[in-house]
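Sequence positions, counted from 1, serve as the residue numbers for this chain.
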Amino acid sequence: MQWGHGFVEAGEVADLRCDLVGRGHRRIALVQSAHVHESVPGRRAGFRASRGRLGLGEDEAPVVILGADGPPDADAVAPDVPALLRWAVRQGSTALVVEVSTDAAEIRTAAVAAGLDVPGDLALVGLSGGPEQPRVSDLTELHIPRREMGQEAVRLLLRLLAAPQDAPLRSTLVCGLRTAATLGP
């Protein structure tokens with residue numbers, strides 16, 4: 001995994017998909033917000049690449065953009081959370097991997113209000129990794145090792161200052177999955 005703009009890229013999302021398939025999920029959608037200014041195309045690519053490795057089709061593992069506008073490579077666009085839930089139910093989706101964890105919290109609230117059981121009918125996983133936010137503290141989330149990232153950045157900077165000829169320096173940190181109430185079989 002390489003870090004770009006503080007976000008996890010393709011490999012971690014593909015690994016997450018494998019974990020969900022291992023739990024029995026076959027219809028898993030990646031939900032990205034149209035309102036996030038910082039795009040993470042690597043996640044979309046990793047998600048799509050894992051479809052083939054897992055034997056899933058586009059209809060079983062689409063990329064859905066939440067918001068009015070989506071990029072041209074989106075598989076589907078849902079203008080708002082209620083429309084997203086209607087789409088997910090029609091598609092038979094059993095898990096949503098949601099780019100912005102606060103969106104996942106909003107989706108959970110709307111799903112429960114619509115009579116869906118989370119995680120029984122619909123599992124939710126957030127990707128923004130911010131358990132310190134009260135709204136997302138009980139969501140299953142990708143654990144982004146932010147403190148370790150900072151420590152590693154300082155180590156790399158010190159190495160670079162001592163030996164500039166070694167540039168560029170790269171480092172790999174592993175993300176984990178912080179399981180909580182929104183992940184189920």
Side-chain angles (χ1 to χ4, degrees), residues 7-8 12-41 43-44 46-48 50-51 54-71 73-144 175-185:
F7 287 102
V8 181
E12 297 297 337
V13 175
D15 291 347
L16 176 57
R17 282 277 309 284
C18 291
D19 182 76
L20 289 168
V21 168
R23 293 172 185 268
H25 295 281
R26 294 292 297 173
R27 294 191 170 269
I28 306 161
L30 174 64
V31 179
Q32 293 187 308
S33 176
H35 307 294
V36 173
H37 298 286
E38 198 167 347
S39 163
V40 188
R43 286 185 172 173
R44 221 176 356 258
F47 191 81
R48 287 188 168 130
S50 67
R51 286 197 282 227
L54 297 171
L56 301 174
E58 180 181 311
D59 61 325
E60 295 171 299
V63 174
V64 183
I65 304 302
L66 178 59
D69 300 315
D73 66 339
D75 298 320
V77 176
D80 55 27
V81 170
L84 173 68
L85 286 173
R86 287 190 300 275
W87 174 89
V89 168
R90 269 195 322 273
Q91 294 296 315
S93 296
T94 61
L96 300 179
V97 177
V98 186
E99 181 81 41
V100 180
S101 294
T102 53
D103 286 348
E106 184 180 341
I107 292 166
R108 174 184 50 192
T109 300
V112 170
L116 295 173
D117 176 38
V118 176
D121 297 320
L122 185 65
L124 294 170
V125 178
L127 293 180
S128 57
E132 65 281 351
Q133 299 173 354
R135 288 183 55 200
V136 302
S137 62
D138 62 343
L139 282 174
T140 296
E141 279 193 303
L142 189 66
H143 168 70
I144 300 173
C175 293
L177 187 64
R178 183 179 58 82
T179 58
T182 61
L183 182 64

Closest heavy-atom pair and its distance - V118, A111: CG2-CB, 3.9 Å
Partners meeting side chain to side chain contact (heavy atoms under 4.5 Å, CB included) with L122 (sequence neighbours left out): L85, L96, L124
Residue pairs, two or more places apart or on separate chains, that pass side-chain hydrogen bond (donor to acceptor under 3.5 Å, both in side chains) and touch residues 79-93: none
L183 side, atom CG; E141 side, atom CD - distance, nearest 0.5 Å: 12.0 Å
Heavy-atom closest contact (R26 atom, T94 atom, distance): N-OG1, 4.0 Å
Residue list, salt bridge (charged side-chain N to carboxylate O under 4.0 Å, His left out) with D59, at least two apart or on another chain: R27
With A104 via side chain to side chain contact (heavy atoms under 4.5 Å, CB included) - residues at least two apart: V98, L139
pair L127-L30: side-chain heavy atoms closer than 4.5 Å: yes
Criterion side chain to side chain contact (heavy atoms under 4.5 Å, CB included) against L84, the qualifying member of L66, I65, V89: L66
Minimum-distance pair of heavy atoms, taken over all atoms of A78 and A83: CB-C, 4.2 Å
Donor-acceptor under 3.5 Å (T140 side chain, V125 main chain): no
Closest non-hydrogen atom pair, G67 against V77: O-CG1, 3.3 Å
